[in-house]
Number of protein chains: 2
Amino acid sequence: MAPSKSESAYRLLHEKITEGTFSPGYRLVLGTIAAELGCSVVPVREAIRRLEAEGLVTFERNVGAMVAAADTTLYLHTMQTLAIIEGAATALSAPFIDDDQLAAARAINQAMAELLVDFDAPRFTELNNEFHQVLYRNCPNPHILELVHRGWNRLAVMRSSSFTHIPGRARESVREHAHLLDLIEAKAPAAEIEQAARAHRTTTLNAYLAAANLPASPL
Amino acid sequence: MAPSKSESAYRLLHEKITEGTFSPGYRLVLGTIAAELGCSVVPVREAIRRLEAEGLVTFERNVGAMVAAADTTLYLHTMQTLAIIEGAATALSAPFIDDDQLAAARAINQAMAELLVDFDAPRFTELNNEFHQVLYRNCPNPHILELVHRGWNRLAVMRSSSFTHIPGRARESVREHAHLLDLIEAKAPAAEIEQAARAHRTTTLNAYLAAANLPASPL
DNA sequence: GTGTATGAAATCGTATACGATCTAGTGTGA
DNA sequence: TCACACTAGATCGTATACGATTTCATACAC
């Protein structure tokens with residue numbers, strides 16, 4: 001069956017926001033979006049409420065909705081949260097990663113390594129997403145998986161606009177990926193995998209924190 | 001200004017669900033709720049969408065909404081998630097807990113200890129909530145705090161209906177609380193506090209898992 | 001020039017209405 | 001008896017309409 005209009009509106013907005021078509025701060029005017037979608041405002045409001053609950057959109061009474069703003073603090077908080085959640089997701093997922101998936105992840109990481117020579121940031125980011133998805137996808141706890149997705153989405157919204165790559169981080173990243181894969185292949189203890197997966201993200205976070213003259217994350 | 005009807009509907013439903021007035025599986029019929037609130041269905045739909053995004057309600061197209069079901073698997077997944085998030089929240093909060101708050105927490109735990117003699121489960125649970133709130137309230141990362149709240153809410157919905165206390169767990173709990181407070185007072189490393197706070201919850205989780213003949217949580 | 005009143009336009013919030021869809025109960029034929 | 005078609009009632013999904021609120025530009029007073 002065709003999806004409901006509310007569902008369509010939700011998907012469309014979600015995509016436009018995470019893909020960066022609508023940048024942070026972009027005003028989502030109900031009437032305009034409704035017209036674009038060829039529907040009335042009611043389903044659009046509903047969609048926006050859902051996006052609000054996911055943190056992709058902020059909504060103010062009698063004023064309207066806009067794509068969640070991307071201030072530095074928010075970004076860093078999101079990264080910290082994701083470090084924690086994704087670390088756990090990866091550790092919980094690890095025992096269920098089979099040889100094929102492991103091979104796929106190694107291939108992706110190899111592709112990333114090759115990109116280092118002639119660096120292509122968007123492509124690198126894309127591969128990075130794929131890589132991590134392979135790692136946490138098998139997580140048997142759907143709540144955690146959902147939180148990981150939400151975290152990635154929130155980062156995606158903000159990253160596009162305001163944050164740039166840290167020099168040398170890409171190379172380190174590839175190395176850390178390889179280490180993570182080794183741990184998983186060796187069936188290392190969950191705590192060790194969690195620690196490595198978390199650190200992988202925390203390192204980036206701390207680089208940003210240092211750049212902003214803030215203390216490093218204690219976790 | 002008076003809250004919008006959509007906001008009122010959201011708060012009312014949220015409260016009724018977390019307080020247990022509406023048990024898991026309870027059908028939320030738009031028209032009925034709208035009539036109770038003295039408003040139309042549109043704001044009610046919006047409220048329900050928000051609750052859905054928080055996991056308190058499930059919604060099926062052309063069928064309607066109901067309070068999220070409370071099957072065992074869901075409950076355990078939620079507990080596992082909360083163990084991870086709350087552990088981090090507590091560790092991040094610890095450096096900001098002042099002497100007064102520490103004293104308050106000790107007092108609450110003392111009250112819990114006294115309840116052990118003539119056990120009163122609802123009161124114990126209430127104090128337990130208060131205790132943990134003191135511990136994680138100062139967490140400087142609002143995202144994490146929000147996730148903790150959502151986790152507690154989800155547990156609250158389910159706990160009321162289907163889960164009972166584990167014998168001897170209350171006494172252990174009080175002891176673990178005291179240990180946690182000692183670590184915080186001693187300004188122990190964040191990782192250590194996180195570990196203790198997580199373990200406090202994981203122990204309960206594993207007791208449930210064992211009772212259901214499932215393997216313990218690896219984290 | 002600065003600050004405040006005013007009014008129009010834009011936008012939101014929600015009631016109402018009605019078609020679409022689901023559910024359950026009844027009847028019919030094999 | 002069972003499977004299926006059908007109908008009535010309940011409920012959902014969304015368009016439309018309109019009052020309420022905010023915003024912004026303009027005009028006026030000081």
Side-chain angles (χ1 to χ4, degrees), chain A residues 1-18 21-71 157, chain B residues 1-18 21-71 157:
Chain A
M1 179 186 327
S4 70
K5 306 214 169 175
S6 156
E7 187 65 27
S8 308
Y10 171 76
R11 289 202 204 143
L12 179 89
L13 290 175
H14 193 286
E15 186 182 330
K16 291 218 177 186
I17 292 170
T18 53
T21 313
F22 293 162
S23 308
Y26 183 90
R27 277 207 65 193
L28 302 168
V29 177
L30 295 179
T32 310
I33 295 168
E36 273 175 26
L37 274 152
C39 72
S40 72
V41 297
V42 178
V44 177
R45 281 181 63 89
E46 244 183 68
I48 286 182
R49 283 296 198 194
R50 290 170 66 185
L51 293 165
E52 188 196 11
E54 291 176 27
L56 263 46
V57 158
T58 58
F59 197 103
E60 199 181 340
R61 171 141 188 228
N62 279 321
V63 174
M66 64 183 211
V67 178
D71 77 84
V157 176
Chain B
M1 180 187 325
S4 70
K5 307 215 169 175
S6 156
E7 187 66 25
S8 307
Y10 171 76
R11 288 201 206 146
L12 180 89
L13 290 175
H14 192 286
E15 186 181 330
K16 290 219 180 187
I17 292 170
T18 52
T21 312
F22 293 163
S23 307
Y26 183 90
R27 274 207 67 191
L28 301 168
V29 178
L30 294 180
T32 310
I33 294 167
E36 272 174 27
L37 273 152
C39 73
S40 73
V41 297
V42 177
V44 177
R45 280 181 64 90
E46 246 183 66
I48 286 180
R49 283 296 197 193
R50 290 170 65 185
L51 293 165
E52 187 196 12
E54 291 176 27
L56 263 45
V57 158
T58 58
F59 197 103
E60 201 181 339
R61 170 136 189 231
N62 279 322
V63 174
M66 65 182 210
V67 178
D71 77 83
V157 176

(message) Using a 4.0 Å heavy-atom cut-off, does Leu37(B) contact any base of the nucleic acid, only the sugar-phosphate backbone, or nothing at all?
(response)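 Touches nothing.
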(message) Please classify the nucleic acid contact of Leu28(B) as base, sugar-phosphate, or nothing, using heavy-atom distances under 4.0 Å.
(response)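 If one applies the 4.0 Å heavy-atom cut-off, Leu28(B) turns out to touch the sugar-phosphate alone, with no base involved.
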(request) Map Ala65(B) and Glu60(A) onto DNA chain D by nearest heavy atom, then report which one ends up closer to the 5' terminus. (result)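 By nearest-heavy-atom nucleotide position, the 5'-most residue is Ala65(B).
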(request) Take Arg49(B) and Val63(A), find for each the nucleotide of DNA chain D with the closest heavy atom, and name the residue whose nucleotide sits nearer the 5' end. (result)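 Looking at the nearest nucleotide for each, Arg49(B) comes out on the 5' side.
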(request) Begin with the C-alpha distance, continue with both residues' side-chain angles, and end with the deciding distance and a verdict on salt bridge (Lys or Arg N to Asp or Glu O under 4.0 Å) for Arg49(B) and Glu52(B). (result) CA-CA 5 Å; Arg49(B) 283 296 197 193; Glu52(B) 187 196 12; 3.1 Å; yes
Working to the nearest 0.5 Å, report the span between [atom1] of [X] and [atom2] of [Y].
{"X": "Leu28(A)", "Y": "Arg45(A)", "atom1": "CG", "atom2": "CZ", "value": "13.0 Å"}
{"X": "Ile17(A)", "Y": "Leu12(A)", "atom1": "CD1", "atom2": "CG", "value": "9.0 Å"}
{"X": "Leu13(A)", "Y": "Glu36(A)", "atom1": "CG", "atom2": "CD", "value": "8.5 Å"}
{"X": "Ser6(B)", "Y": "Glu46(A)", "atom1": "OG", "atom2": "CD", "value": "10.5 Å"}
{"X": "Ile33(B)", "Y": "Ile48(B)", "atom1": "CD1", "atom2": "CD1", "value": "4.5 Å"}

(message) How bent is the helix from dG1(C)-dC30(D) to dA30(C)-dT1(D), measuring the angle between the end axes built from five pairs each, rounded to 10°?
(response)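 Taking five pairs per end, the axes differ by 10°.
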Interatomic distance, [X] [atom1] vs [N] [atom2] [rounded to whole Å]:
{"X": "Met66(B)", "N": "dT11(D)", "atom1": "CE", "atom2": "C1'", "value": "16 Å"}
{"X": "Tyr10(B)", "N": "dG13(C)", "atom1": "OH", "atom2": "P", "value": "17 Å"}
{"X": "Leu30(B)", "N": "dA20(C)", "atom1": "CG", "atom2": "P", "value": "19 Å"}
{"X": "Glu7(A)", "N": "dT14(D)", "atom1": "CD", "atom2": "C1'", "value": "15 Å"}

(request) Side-chain contact test, heavy atoms from C-beta onward, threshold under 4.5 Å: evaluate it for Thr58(A) versus Met66(A) and give yes or no. (result)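 Thr58(A) reaches Met66(A) side chain to side chain.
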(request) List the atom of Ala9(A), the atom of Pro43(A), and the distance in Å for their closest heavy-atom pair. (result)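 Taking Ala9(A) first and Pro43(A) second, the nearest heavy atoms are CB-O, 4.4 Å.
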(request) Looking only at non-hydrogen atoms, find the nearest pair between Ser8(B) and Pro3(B) and report the distance. (result)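 Minimum heavy-atom separation between Ser8(B) and Pro3(B): OG-CG, 3.8 Å.
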(request) Using heavy atoms and a sub-4.0 Å distance, could you list which residues of residues 38-47 of chain A are near DNA chain D? By number, please. (result)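 Contacting residues: Cys39(A), Ser40(A), Val42(A), Pro43(A).
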(message) Does this structure show an ion pair linking Glu7(B) with Arg11(B), if we count only N-O contacts that are shorter than 4.0 Å?
(response)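 Looking at Arg11(B) together with Glu7(B), the answer is yes, because their closest N to O distance falls below 4.0 Å.
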(request) Assess the side chains of Tyr10(B) and Glu15(B): does a donor N or O sit below 3.5 Å from an acceptor N or O? (result)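 Judged by distance alone, the side chains do not pair up.
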Tabulate atom names and distances for all N/O pairs under 3.5 angstrom spanning the protein and nucleotides 18-20 of chain D.
none

